[in-house]
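What you see below is based on every heavy atom in this structure, not just the backbone, and it leaves out hydrogens, waters and symmetry mates. By convention in this document, chain letters (A, B, ...) are assigned in the order of the sequence lines, proteins followed by strands, and residues within each chain are numbered from 1.
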2 protein chains.
Amino acid sequence: MTARHEEIADELRKAIDREEYTVGSRLPAETDLAAQYGVSRGTVRQAVAALTAEGLIGSRQGARRVVLASRRSQSFAELRSFAEWARAMEREATGHVVEQEYRPATAEDAVRLQLPEKTPVLHVLRVRGLDGEPVLLERTVYADWISPAVEAIEPDCPSVTQRLYDDTGLVFAYGEHVIDAVAAGAQDAELLGIRRTSPLLRVRRVTTTREGRPVEWSDDRYRSDAVSFSVHNSIGNNALARKTAE
Amino acid sequence: MTARHEEIADELRKAIDREEYTVGSRLPAETDLAAQYGVSRGTVRQAVAALTAEGLIGSRQGARRVVLASRRSQSFAELRSFAEWARAMEREATGHVVEQEYRPATAEDAVRLQLPEKTPVLHVLRVRGLDGEPVLLERTVYADWISPAVEAIEPDCPSVTQRLYDDTGLVFAYGEHVIDAVAAGAQDAELLGIRRTSPLLRVRRVTTTREGRPVEWSDDRYRSDAVSFSVHNSIGNNALARKTAE
DNA sequence: GAGGCCAACTTGTTCAGACAAGTTCTCCGC
DNA sequence: GCGGAGAACTTGTCTGAACAAGTTGGCCTC
């Protein structure tokens with residue numbers, strides 16, 4: 001039972017993918033699309049707004065919408081879950097836990113997870129790979145209320161996100177990602193199979209539930225020769241921001 | 001004459017900033033806000049949709065909206081323009097051109113800028129700094145039709161974006177950013193005043209006009225001790241995507 | 001006191017109509 | 001052929017209404 005505007009957005013995406021509407025060409029006018037799909041103009045507007053936010057089409061008042069690109073970016077599901085991402089690329093996700101222990105929450109843990117200081121929180125260090133080759137080191141801290149469920153997961157589970165959803169119904173809904181570059185330390189280098197001081201792409205992120213409650217925060221380090229990130233921005237949709245240190 | 005829904009979004013942002021609505025608290029219901037501002041519910045929905053996209057508030061059907069964060073991310077203007085960004089932080093943007101020359105477009109240039117191969121395109125290498133300290137190296141290629149306007153700009157102009165707008169009315173409307181990490185090469189190290197092999201945050205981006213016409217593409221390298229990027233994501237708004245190499 | 005059920009509340013979706021503001025194209029005059 | 005004025009078209013904004021779907025809190029029972 002998906003909403004009609006989502007169905008229409010999906011059909012438009014597929015039509016663009018099929019090159020029914022080629023890059024550079026113009027989309028039919030809203031009123032035409034509305035008639036074609038048998039819905040009101042407002043519903044069509046919701047559909048095309050989604051494609052605009054994804055960067056697939058461009059929009060200017062007065063002129064017909066233009067197709068800008070043909071490949072859409074990933075779904076949030078693919079970003080949240082390493083395993084989902086691997087599956088979308090038809091590669092095999094691997095992973096295993098290197099270290100796992102409870103520690104009292106530091107001041108930083110307490111702020112990020114909105115918990116009292118010294119609450120015992122679960123620290124997990126995981127190595128994750130694509131087709132057996134390690135590409136990512138995850139140092140994650142889980143909030144106390146989800147830690148038992150995380151502890152119960154076997155060490156080489158390929159998809160922690162999926163397991164937590166199956167076991168507890170938990171859905172990761174929002175995420176804040178801070179991206180920078182660091183040189184690989186001794187432990188990083190050994191676990192990822194690279195030389196020390198190699199550049200790594202670091203993503204520090206906090207994930208929260210739909211209610212806005214923080215679940216985990218993590219320091220993820222990617223081999224920069226294997227993985228990169230891409231962000232699409234436009235006027236009126238600015239997800240990416242530059243920040244200065246400290 | 002800004003749209004009413006933008007005004008309302010702005011007032012809500014300010015109210016959150018003033019902690020009139022604190023983080024974790026609930027926003028008034030749509031109908032209450034509509035009555036308060038004397039507009040229809042649809043207009044309020046447009047306003048809160050903007051804040052949701054920015055990650056300021058969370059939204060779930062049936063429950064009142066929750067304030068998730070208090071600091072909003074930057075405007076697209078600040079991301080597009082180094083000078084705008086510096087000004088928003090109340091720091092001084094500096095910059096100067098190190099090299100500038102026309103070269104025939106390579107196959108890559110031609111694809112990215114949607115030009116015929118071998119068209120002469122303008123390559124510019126700029127160093128940019130905050131309060132005099134260099135933080136960014138920009139290697140930019142401009143499309144042939146904008147190159148003359150770029151060439152006319154003095155070498156130490158602090159805001160190229162602003163100058164191009166003033167001179168030609170050009171507006172940067174869309175951008176695709178690919179982020180990864182690289183080790184500083186000899187030239188990078190010398191111009192940024194760091195050691196060779198230091199990790200740098202690299203952003204390769206293409207900027208286009210409102211019509212979807214590519215204007216420039218650039219390889220930007222940031223000192224990772226000075227600058228980082230942040231992205232806010234949520235279900236239904238996934239600007240960030242992971243990519244594998246090549 | 002604990003648990004379950006229901007009513008009130010709130011957001012999500014959709015419709016139909018109206019006007020404003022910007023673009024595109026055609027036709028006309030020079 | 002060229003340029004300008006204007007008509008036709010298209011997206012942006014806003015309204016008011018209705019129902020669907022999900023959440024919350026209170027009341028009632030055990």
Open item on the list: According to salt bridge (charged side-chain N to carboxylate O under 4.0 Å, His left out), who are the partners of A:E176, at least two apart in sequence or on a separate chain?
Closed with: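 Salt bridge (charged side-chain N to carboxylate O under 4.0 Å, His left out) list for A:E176, sorted by chain: empty.
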- [ ] Please list, chain by chain and in numerical order, all residues satisfying salt bridge (charged side-chain N to carboxylate O under 4.0 Å, His left out) with A:D219, sequence neighbours excluded.
- [x]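 If we apply the salt bridge (charged side-chain N to carboxylate O under 4.0 Å, His left out) test to A:D219, skipping adjacent residues, the hits are A:R202, A:R221.
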Task: Between D:dG25 (C1') and B:R26 (CZ): distance, integer Å - done: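 Those two atoms, CZ and C1', are 10 Å apart.
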Taking only distance into account, with no hydrogens and no angle test, what donor-acceptor pairs under 3.5 Å do side-chain atoms of residues 106-115 of chain B form with protein atoms, sequence neighbours excluded?
| unit_1 | atom_1 | unit_2 | atom_2 | d |
| --- | --- | --- | --- | --- |
| B:T106 | OG1 | B:E108 | N | 3.4 |
| B:T106 | OG1 | B:D109 | N | 3.2 |
| B:T106 | OG1 | B:D109 | OD2 | 3.3 |
| B:E108 | OE2 | B:R112 | NE | 3.3 |
| B:E108 | OE2 | B:R112 | NH2 | 2.9 |
| B:D109 | OD1 | B:W217 | NE1 | 3.2 |
| B:D109 | OD2 | B:T106 | N | 3.2 |

Open item on the list: Filter on salt bridge (charged side-chain N to carboxylate O under 4.0 Å, His left out), then keep only pairs touching residues 21-31 of chain B, sequence neighbours left out; what's left?
Closed with: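 Passing the test, one end in residues 21-31 of chain B: B:E30-B:R41, B:E30-B:R45, B:E30-B:R65.
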Open item on the list: Tell me every residue that passes ring pair (Phe, Tyr, Trp, His ring centres under 6.0 Å) with B:Y142, counting only those two or more places apart in sequence or in another chain.
Closed with: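 With sequence neighbours excluded, B:Y142 shows a ring pair (Phe, Tyr, Trp, His ring centres under 6.0 Å) to no residue whatsoever.
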- [ ] For nucleotides 3-15 of chain D, just jot down a letter per nucleotide in 5' to 3' order: B, S or -, based on protein non-hydrogen atoms under 4.0 Å.
- [x] -------BBBBSB
